[in-house]
Structure formats: C-alpha cells, structure tokens
Amino acid sequence: MHRRPAHERHDRHERQPPQQQEPAQAPTHTPPFNAPAAQKLRVALNMGPEDVAYWMRSSYGLPYVGPDLVMAWERGTMTPTAPELTALAGVLWCSPRELIGAPRTLREHRVTRGLAPEDVARAVGLELNSYLRMEDAGDWHGSDRQASALADVLGLSLPDLIVVTGREAHLADLLRGAVTTRWQAYVRPTAKLLSLDRRLLEAVLQEMHTDYQELVTAGLTWANGTAATDAGDAGRDHLEQIIDHFWPLVQRTSSY
C-alpha cells in the first residue's frame, strides 16, 4: 500500500484557510409606524392585504412580503423597516411621512429627523458612547444647556423635551399634588422643572386645582352615595390624565 511521505500528511482542517467572520452590522431603527393610517389608506384604495403584498413584491423587490406581514404591520405587532416603509408608501400612494406616527422616545425623534447618533451627540456636546447609552436606556443625564441643544437639533417642543428627557413622570406627580392639595406649594418646583414663567404657572395651577376640586365635590350632596362614587371615579381618571389637561391649558393661558 502506497503511503504519502510524512511531511505531506497534514490534517485537512489545517489546509483550509481560516474563515472570515462577517463584519458586525449596526442595528437599524425605524421611525414609529402609524398602523391606523396605513390601514385607512389601504381600505380607501379598495385594496386587500394580499394586493398590498403583491405590489410590494412585484414593484419593489421584496419577495418575502405576504398578506400576513401586511396585517401584522396594521395590527401593530410588527413594524416595517425603512425600505419596507418606503415601499408601502409607494403602494398606498402616499408619502412615507404619512405612515410615520408621533415619535415619543429620543431614538424615535432622532430617526424621524433623519439624523445619525453622532450628529446629535456632536450638537449637544456629548461623547457618542454616552449619548448612545442614554438613547438605549431612555434615561437622559445631560445638563440643562445640553437639553436645550437637544431640543434645537431635534426640533422638540417643550412637552416632547420633557418626555424624551424622562421628566414627564415627575411633572405628573407635581401636578397631582397641586390639584389635590395646596397648588401654591407646587409653583416653584414646577417652574424649575419646566423653565416656565412663574406667573404663567400660577394661573395654570390655580385653574387646574379649581377644576379638579369642583369635579370631585360636584355630587357629594346626592343621595345613596351614587354621585359620590361617580365623582371619585371621575377624579381618578382626571389624575391619570393630568398631563393631557396641563399642556393645552399652558398653551391657552400663554396666548392671553
């Protein structure tokens, strides 16, 4: 039996070139998707999910899109990627912006504006890694100056800025305290939190306090306790939605 020389006998695995690893790809993020708008546009065009899927496959080169995926987008259980969103907008004869919902998080605001993380980090004066950690955690730790720069670069309104910097829960606590106890005690901390004029906040908090107190005391004189129960439920609902009562009142009062 012929045997190969020892110097030619090598393990076959040693002769294979080392496999190259695929470069890691950064995760992509899409703007918030307005599922009800997509469904409304589809129905208005008298199209079924299967029609949308067909045109996305045939016209936009997305062979994996089927009716089930389209329905998942409309139910909100899945979110289309940026290329899928563009294709869907084309099929539904609308602009991609019409399919974008209202952003809530820092990342959603950035993506909606079409900015890269490094652009925002540079604009607000943060190291990129520090900014990304804040964005990932949804927990803002920047200074007031940096928060102001963040509002400028992302085009944030004051309510949006309060949300993305994680201060909405604290604001809600202050407002609940103002309407249920002495509103005067909450003017200063609320003004500090929001950087709003104190006289404006005095007018807003006083009106909110009056409205809430009238709401919970409106039926206390009714018989059998029915009105009192209804008033208590209404009061709890009012406190849960306190932020929704606050910002429109601020806007209305500041326009006087």
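These numbers were taken from a predicted model, which means no experiment stands behind them. One is the number of the first residue; the rest follow in order along the sequence.
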Hey, what do you get for [atom1] ([X]) to [atom2] ([Y]), rounding to the nearest 0.5 Å?
X    : Y    : atom1 : atom2 : result
R176 : L171 : CZ    : CG    : 9.5 Å
E202 : Q184 : CD    : CD    : 8.5 Å
H141 : L126 : NE2   : CG    : 11.0 Å
E108 : F33  : CD    : CZ    : 13.5 Å
N34  : Q39  : CG    : CD    : 11.0 Å
E50  : D68  : CD    : CG    : 11.0 Å

>> Quick one, V91 with Y60, criterion side chain to side chain contact (heavy atoms under 4.5 Å, CB included). Give me CA distance, side-chain angles, the key distance, then yes/no.
In response: CA-CA 9 Å; V91 171; Y60 292 91; 3.8 Å; yes
I'd like to check [X] versus [Y] (side-chain heavy atoms, cut-off strictly below 4.5 Å). Are they in contact?
X    : Y    : result
W140 : R167 : no
N46  : D51  : no
E207 : D211 : yes
T181 : Y186 : yes
L239 : Y212 : yes
F246 : L194 : yes
T210 : E214 : yes
L205 : L175 : yes

>> Let's go through L158 and V250 carefully: what are the C-alpha distance in whole Å and the side-chain angles of both, what is the deciding distance for side chain to side chain contact (heavy atoms under 4.5 Å, CB included) to 0.1 Å, and is it a yes or a no?
In response: CA-CA 11 Å; L158 180 57; V250 168; over 6 Å; no
> More than 12 non-hydrogen atoms from neighbouring residues, nucleotides or ligands closer than 6.0 Å to CG on D244, yes or no?
Replying inline: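 Yes, enclosed.
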>> For W55, is the CH2 atom crowded, meaning more than 12 foreign heavy atoms sit under 6.0 Å from it?
In response: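 No, CH2 of W55 has 12 or fewer neighbouring heavy atoms, counting only those of other groups under 6.0 Å.
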Main-chain N/O of [Y] paired to [X] side chain as donor or acceptor, under 3.5 Å:
X    : Y    : result
R198 : V187 : no
E118 : L128 : no
R110 : V120 : no
Q213 : V179 : yes
S254 : Q251 : yes

> Does the side chain to side chain contact (heavy atoms under 4.5 Å, CB included) test come out yes or no for L106 and L150, once each step is laid out?
Replying inline: CA-CA 10 Å; L106 181 55; L150 183 71; 3.9 Å; yes
>> Taking side-chain contact (heavy atoms from CB on, under 4.5 Å) as the criterion, tell me which of L99, T79, L88, L85 meets it with W73.
In response: L88
> Do D119 and V153 pass the side chain to side chain contact (heavy atoms under 4.5 Å, CB included) test, and can you show the C-alpha distance, the side-chain angles, and the key distance before you say yes or no?
Replying inline: CA-CA 9 Å; D119 297 330; V153 71; over 6 Å; no
> Under 4.0 Å between a Lys/Arg side-chain N and an Asp/Glu carboxylate O for R107 and D136?
Replying inline: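 Looking at R107 and D136, the cut-off is met.
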>> Side chains of Y64 and E84 only: does a donor on one sit below 3.5 Å from an acceptor on the other?
In response: yes
